[in-house]
Asker: 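Quick one: this structure, given as structure tokens, is what I'll be asking you about.
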Amino acid sequence: MKKNTRIHGNLFLVAILFMSIMPFPGCSSASEKQNREAIIKTSQAFFANQNTKLRDLPLPGIFLKDAVFSPDGRFVAGHYWKHDADRGPATVEDRRRLEAASIYVWEVATGRRLFELKPMVKRGFTAELEFSQDGKYLLSEHDVYQTIEGGPGGGNRYEARLWDMSNGRLIREVGAIPDYAPPYRYGHNGPAHFLEDGQRIIYVTSYLDYPNNSYELTIEDLITGKKLKSFSVPHCLYFRAEQISPDNRSVAFLPREIPAVVSVFDLQTGQLKFKQEISHNSTYQENYRVIFSPDNGAVYGMAAGGGNSNAAVTEMNAITGEIAGILQGEIDPNNPMTKTYFEEVFFNSRDKKLIAQGWGIYTSWELNGGRTMNVWRVEKGNNGLIETGPHSHSRDGVYSIASNDAELCSTPGASCKRFQLLEIDRQVILHSFPVEPLPLTVIHEVRKISPDARYILATNPAGGLSLWPSPFTTQREVRGKVLDAQTNEPIRSAEILVYYRGDFEGANPIRQRSDERGEFNFTLPDIDFEVTFKAGGYAFETVFFGQYQEWPNSAREIKLTQLKQGNRFVVRNILFDLNKSTLRPESKKELLRAAALLLDNSGIMVEIRGHTDNTGNDAGNEKLSLDRADAVRNFLVQLNVPADRMSATGAGSKEPIGLNSTDEGRAMNRRIEFWIKQ
């Protein structure tokens, strides 16, 4: 009896229903301001005092390093560190004891974990993750600690690996070089990046022979690894600020050196275009960035950090290197960190401004001259602290994420006041998210916004990630009527359970009911859902629809079958591996529903009948259909449905309900039916 209760409890936990929110705003007409105002008003009312988290993305791991969205917004990749447990807990600085753990990739629309990628790095850590623009490939870069025999005693080298996102397989190692490469003491791969054309990868290789070093920039074919271009660059081992121009014709470097010097190379010829020292009056660089303007006409170099310096961005002509202006950072007297830090610089494409993001402050400049346009000090938390982490802005540079009381988020028993979604150019807080206290084992906090600003990614206390909706998570209307399949009479108060497709346990449905006319009408965020309709004395019916898909016309009328002898109904989402009777994980929710139905209606007996399409021969199809029906029966027995109330048969391909000449028809014919025998 206790086990039955657990099954029902898992099925009927209630989540909060999402209200209708206006779609992502356009960027041109006079009505844009009204649209944005309506979004802000609706979102503030909706998110007030509510936990609206879409789902958790749980992962095993010790130290969450980082997570990234793919540029197309379809995927999230996250990576973790491991450490030498025999020597006790490792710190972030103790890199020689860190080990690259697996990389995990999820599908945003469903929350389903797609892949576990295993880099196989013995010592070191996964440093960076980068998706290709189309989301088809992932580059993982690994900072590997190594000991060099006869050398300086130890050091790091980069290893980059290219992964296929269609199947999670490793395509190849990028720019592989041996640890020992005579006449050099050892080799080192710099970070690898995708070129914007989606067909090439660029990286720098270092050959170190103390005290003489050489550095080589290489461009190679994305898939084959064939070297397309290679030339020398005069840079130190620790460059990490680099960018390719939007037209793929130039690359800019800003090494972690004093003085701070930007160098721009022609990617076609390998020739140095210019070197330019940029404004920087501190003893070291803590943060440094270099970016091209969207029109390829200017290069902006940021150097910030150390001593009593003031952060600055230098604007240079992208062809000649001539300095067009020095863009000075603003100082907040209540937060001295703004004096020395910019975390990020990026472009706001809507207002055509350059934005510098610091600790609780945003500064924007007019291009081609450097006139300061706006300074915005974001609302602080309880302790007057705020952090705006790097790379936490949307693709168009309009929206960003900030964390209040950021330094307290990882303190046991303490909590951030909130983290916020900001609209930078209008200086508006769109809404705030509740923050749960994080354990000390979570060294790195993740606060990321998807490129289209529709989703927010944040660290959760379990050490994994959580996905949150934003006001721009578009909504779809779900409207229809629930009817008796035999009489066509409306079924009032039919229960409607809405599940995220990624919730394989069926633990958190959104609950609705049909009205007196059997009608229903509600809205859902634009992600993958399945909706189950049920009523007392009836079989259930489940409808599936995905992201960007409208509520299907075929679901405007939901017809439920009475649980009477002789009736039958299809359980639609029971899926198997190809040509096997192995149940797939996404079948679990539907099987839980079937178990609940049989346990709630203990007086009925059923025949579970398997069906196939006409692919293959009759004998094989009959055996496969019987094996699949048996697999369903055995699973239901494990869920405490008495075995003597169920039998299993296989009809093969003899009873089609769709055309075997089409993919859709064959999919309909591959099904599991429940026949009510008593």
Asker: Check whether any side-chain heavy atom of I449 lies under 4.5 Å from a side-chain heavy atom of L421, and answer yes or no.
Answerer: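 I449 vs L421: side chains touch.
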Asker: Does F131 reach the side chain of M165, with side-chain heavy atoms less than 4.5 Å apart?
Answerer: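 Side chain of F131 against side chain of M165, heavy atoms only: contact under 4.5 Å found.
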Asker: Would you check if H193 and L195 make a side-chain contact, meaning some heavy-atom pair closer than 4.5 Å?
Answerer: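 No, too far: nothing below the 4.5 Å cut-off.
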Asker: Measuring only between side-chain heavy atoms, which start at C-beta, is K448 closer than 4.5 Å to V68?
Answerer: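 K448 vs V68: side chains touch.
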Asker: For F231 and F265, take the angle between the two ring planes, folded into 0 to 90°, and tell me which bin it lands in: parallel under 30, tilted 30 to 60, perpendicular over 60.
Answerer: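 Tilted.
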Asker: To the nearest 0.5 Å, what is the distance between CG on L465 and CD1 on I456?
Answerer: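 Separation between the atoms: 13.0 Å.
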Asker: Show your working on ring pair (Phe, Tyr, Trp, His ring centres under 6.0 Å) between F115 and F75 and close with a plain yes or no.
Answerer: CA-CA 11 Å; F115 309 119; F75 304 119; 7.8 Å; no
Asker: Between D425 and R350, is the closest basic N to carboxylate O distance under 4.0 Å?
Answerer: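 Looking at D425 together with R350, the answer is yes, because their closest N to O distance falls below 4.0 Å.
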Asker: Are L467 and V108 close enough that some pair of their side-chain heavy atoms sits under 4.5 Å apart?
Answerer: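 Counting from C-beta outward, L467 and V108 do come under 4.5 Å.
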Asker: Could you measure the distance from the CZ atom of R447 to the OG atom of S392? Nearest 0.5 Å is fine.
Answerer: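 Rounded to the nearest 0.5 Å, the CZ-OG separation comes to 10.5 Å.
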Asker: When you look at N317 and F274, which way does the side-chain contact (heavy atoms from CB on, under 4.5 Å) test go after all the steps?
Answerer: CA-CA 10 Å; N317 184 289; F274 67 84; over 6 Å; no
Asker: Find the distance between CD (E220) and CD1 (I223) and round it off to the nearest 0.5 Å.
Answerer: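 Separation between the atoms: 11.0 Å.
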Asker: Looking at every non-hydrogen atom in both residues, tell me the closest pair between D72 and D134 and how far apart they are.
Answerer: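 So the two residues come closest at OD2-O, 2.9 Å.
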Asker: Quick check on side chain to side chain contact (heavy atoms under 4.5 Å, CB included): which of L170, L138, I103 does R161 satisfy it with?
Answerer: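 Only one option passes, and that is L170.
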Asker: Mark yes when over 12 heavy atoms from residues, nucleotides or ligands other than I319 sit less than 6.0 Å from its CD1; otherwise mark no.
Answerer: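 Result for CD1/I319: open.
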Asker: Look up atom OG in S245 and atom CG in N296, then write down how far apart they are to the nearest 0.5 Å.
Answerer: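 If we round to the nearest 0.5 Å, S245:OG and N296:CG are 5.0 Å apart.
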Asker: Can you tell me how far the CD atom of E344 sits from the CE atom of M302, to the nearest 0.5 Å?
Answerer: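 If I round to the nearest 0.5 Å, the distance is 6.5 Å.
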Asker: Measure the spacing between CZ of R74 and OG of S450 and express it to the nearest 0.5 Å.
Answerer: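 Here the rounded value is 14.0 Å.
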Asker: Between I323 and M316, does a side-chain contact (heavy atoms from CB on, under 4.5 Å) hold up when you go through it step by step?
Answerer: CA-CA 4 Å; I323 294 179; M316 296 156 280; 4.3 Å; yes
Asker: Please confirm whether the backbone N or O of Q268 pairs with a side-chain atom of K229, one donor and one acceptor, at under 3.5 Å?
Answerer: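 Here the side-chain-to-backbone pair exists.
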Asker: Could you go through the side-chain contact (heavy atoms from CB on, under 4.5 Å) check for K273 and S250 one step at a time?
Answerer: CA-CA 9 Å; K273 287 186 173 182; S250 302; 2.7 Å; yes
Asker: Can you classify the ring geometry of H393 versus F346 as parallel (below 30°), tilted (30 to 60°) or perpendicular (above 60°)?
Answerer: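 Parallel: the ring planes of H393 and F346 meet at under 30°.
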